[in-house]
Amino acid sequence: VRDYTSKWVLSGGDPAGFSAGIAPIAEKHGITNYEADQVTWVAIGMGLKKSGIGGERFQQVRDTLAAGNAEAGKWIDKGYKK
Amino acid sequence: VDRQGLQEVAGARVRQAAAAALAALLLAGPAGARSLEYLYVEPNEGTASGGHVALRIGDRVHHYQHADGALRSARVSADWFRYLYSVLENRTIHVARVEVDEETWNALDDRFGSRAIVEQQHFEVQRALADDRRVLERMRVGPAANAPGASPRLRGAGYFFGAGGRRSEGVEPRLGALRTRVRAERGNDWLEQRIAALGRELAGLDPAGFPAPALELSEDRLPQREPGFSERLVQLTLLRLALEVIESAAPLRPEARVTLPDPGFALSTEERVALARFASRLERDMLGLLDSKRPDRGYPLLVGLARLVVVDESLSAGRWIVLDTFPADAVAIQADTLATRAEFVAELEAYTRAELTAERERFATRERVDERLYQGVEDAANRNVEVTRGLRRGRDIRVHGQTLIPHGELKSGPPWLPELDAARLHAALAEARRRERSHRAALLELYRYDLFTRNCVTELFATIDDALPKEEQADRLGGHVSLSAGLHFWPVFAFGAVKRTWRVEEIGEIPSYRRTRLARMRAQEHPLKVHLREASTLTSSVYRRNPKDSFFLFFTRDAWLLRPLYGAANLLAGVGQTAVGLARLPFDRGETLVAGAKGIVFSVPELAFVSLRKGSLEYARSSEPRTAFRTAGAGGR
């Protein structure tokens with residue numbers, strides 16, 4: 001998830017295709033509902049960090065992915081700070 | 001025997017042991033250094049006759065394989081790679097260990113990983129285009145519900161709906177309670193309105209409204225993955241079906257669940273508590289999914305709803321009841337094969353039971369219960385029940401080499417299809433076929449396989465060159481391996497070049513399964529006795545004839561002096577088998593003939609002292625001697 005997220009950001013970060021890439025990876029780890037899985041969001045945060053984005057760009061991508069889910073936003077932050 | 005099936009069983013079996021084995025290997029390395037292992041796998045017959053190469057980075061092995069005209073990257077656990085090649089394929093693996101600094105290690109790991117992620121997405125686009133074409137072909141044939149087959153797959157829907165999207169009669173109380181909650185929180189007609197809106201969107205789906213994928217593909221950039229026509233059709237269909245399940249409080253289909261019959265599988269007090277907590281969490285998560293913007297939320301919703309039902313049933317019954325999670329096309333080990341493999345089946349039964357016990361313990365004792373923990377029990381329960389029922393009832397055993405997430409596919413195609421007139425359908429199908437062909441051509445442009453210029457060796461070194469500038473490789477690896485020199489595109493010569501060029505600390509060898517077993521026998525019996533018995537496939541205690549192998553009589557890998565003589569015998573045997581195959585042609589679909597012909601082909605090199613054929617295995621017990629890494633001596637420069 002971390003590596004995919006990083007590559008996704010570096011490839012332009014098209015929000016429409018994010019779930020199509022993340023969902024199969026989460027499924028390999030036994031997760032069908034990745035939006036309710038803390039570990040997945042933390043890994044997404046780590047991927048954002050790995051991609052090298054920061055500041056406003058990070059906030060923008062974070063908010064897009066969390067889509068109003070405050071818990072998800074917190075977990076992304078946690079992964080980003082790791 | 002289905003070899004893939006046995007390999008998948010084996011894969012599932014070794015997965016758990018992998019972590020411990022890898023940890024041991026990693027801990028054995030020099031402190032403060034990170035090592036890479038360049039792996040050269042000796043040839044075997046068939047497509048493996050040139051040998052194979054790979055690079056181990058940490059606990060993962062990266063390599064490239066030829067598939068359908070393309071060179072595909074593969075990332076597997078180091079233990080699985082060893083098991084597949086040295087045990088099942090019976091091929092010795094030579095290892096060159098190189099110590100590198102952290103930065104080099106990370107650069108290589110990142111580049112190989114990135115290459116695999118991008119490539120996977122490119123092939124996903126191709127699969128989606130093929131699905132577009134298939135759906136349109138179905139639409140041309142007639143009503144989807146009546147068409148045979150289930151393409152594209154509608155995962156999760158099969159737990160509640162039969163062919164054509166028909167649901168069972170009755171009301172499921174647990175889902176009735178959920179429906180009440182949804183209505184109370186969102187209004188009485190919220191579900192109905194959403195279902196109607198989805199119906200309108202489905203009817204109005206226009207294939208022409210979906211843009212063609214870009215054809216300028218790059219190994220460095222993920223493709224745009226906006227859902228295409230069929231993908232959107234599946235998303236809308238599954239979401240509509242999920243909402244219908246809530247709206248009608250649909251009962252599960254009888255075949256959707258698996259009940260653990262053994263009295264030992266009754267719920268403990270801790271499991272009851274954990275399951276009740278999980279049920280609460282699951283309901284909350286399902287309500288969250290109703291508000292999600294995730295376009296593919298229909299599948300997790302259907303799975304969650306089905307799990308809500310079986311969790312409730314488990315609590316009522318006081319024993320584990322889980323969903324049947326196997327995919328519809330799961331590989332099965334045939335019952336008649338199982339009858340001849342009593343030792344294997346007994347071990348499999350014990351293994352799956354131990355796995356289930358461990359997963360139940362994990363689920364019951366963790367402070368937070370989540371989907372991952374529940375899925376662990378569900379996965380292990382499915383495998384264990386499959387084996388025990390197979391044994392008890394003498395029926396086939398389904399196996400699955402990957403994580404068993406709930407599949408529950410609908411046994412027919414999409415129940416609703418867009419309304420397109422004949423002219424638009426004809427045009428859409430022509431366009432879908434054109435897109436599929438064009439993208440396939442672009443894919444092959446980027447990933448095309450070539451025996452000499454783009455194979456497992458050249459791609460491995462190309463990826464290394466992408467990760468590390470050539471001028472830095474002297475410092476980072478010890479030197480740059482040039483593929484333009486000599487025969488370096490050939491695995492065995494590339495390994496020689498690595499040994500000469502890189503800063504190799506150790507040369508190792510993971511002996512093949514047969515060599516390992518023979519070495520152990522020689523330590524316990526007279527070597528001549530072992531040789532006489534094990535030299536031939538007719539008398540060997542290690543090898544059992546594998547239908548995928550060519551027909552042969554003598555192993556030649558370890559008989560250098562006698563190789564031409566054995567080869568001649570193998571050649572004669574191949575000729576004889578070919579003749580028998582001609583006579584059997586009407587009865588065995590040419591299997592004997594092919595085995596005989598292959599026998600001839602792979603015997604010829606043996607006449608000139610070249611041994612390619614090793615014989616492969618369908619299954620090797622995990623308690624058999626594990627092929628261990630051993631240092632053959634300091635090598636390199």
Could you tell me whether the side chain of [X] and the main chain of [Y] form a donor-acceptor pair under 3.5 Å?
X	Y	value
E371(B)	T32(A)	yes
S11(A)	L222(B)	yes
K7(A)	D220(B)	yes
E35(A)	L289(B)	no
T403(B)	K28(A)	yes

Contacting moiety of [X], where chain A heavy atoms sit under 4.5 Å:
X	result
R297(B)	neither
R284(B)	neither
Q120(B)	neither

Original post:
Side chain, backbone, both or neither: which part of L10(A) has a non-hydrogen atom closer than 4.5 Å to chain B?
Top reply: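 Just its backbone gets close to chain B.
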Original post:
By a 4.5 Å heavy-atom criterion (distance strictly below it), what part of Y34(A) contacts chain B: side chain, backbone, both, or neither?
Top reply: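 When you check distances to chain B, atoms from both the backbone and side chain of Y34(A) fall under 4.5 Å.
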Original post:
Heavy-atom count around Q59(A) CD within 6.0 Å, excluding the residue itself: above 12?
Top reply: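 Correct, the count exceeds 12.
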**OP:** May I ask you to test the Q121(B)-Y4(A) pair for a side-chain heavy-atom distance under 4.5 Å?
**Re:**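 Contact flag for Q121(B)/Y4(A) side chains = yes.
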Original post:
Between D110(B) and K50(A), is any pair of side-chain heavy atoms under 4.5 Å apart?
Top reply: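 Yes, at least one pair of side-chain atoms sits under 4.5 Å.
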Original post:
R372(B) and I31(A): side-chain contact (heavy atoms from CB on, under 4.5 Å), yes or no, with the steps?
Top reply: CA-CA 6 Å; R372(B) 205 181 298 259; I31(A) 300 296; 3.9 Å; yes
Original post:
Which atoms form the tightest heavy-atom contact between P227(B) and A16(A), and what is the distance?
Top reply: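 Shortest heavy-atom separation between P227(B) and A16(A) comes out as CD-O, 4.1 Å.
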**OP:** Please round to the nearest 0.5 Å and tell me the distance separating atom CZ of R294(B) and atom CD1 of I22(A).
**Re:**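 Output value for this atom pair is 10.0 Å.
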Original post:
Distance from F112(B) atom CZ to D3(A) atom CG, nearest 0.5 Å?
Top reply: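 That separation rounds to 14.0 Å.
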Subject >> R225(B) bridged to D14(A) by N-O distance under 4.0 Å >> reply: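 So R225(B) does not pair with D14(A) through a salt bridge.
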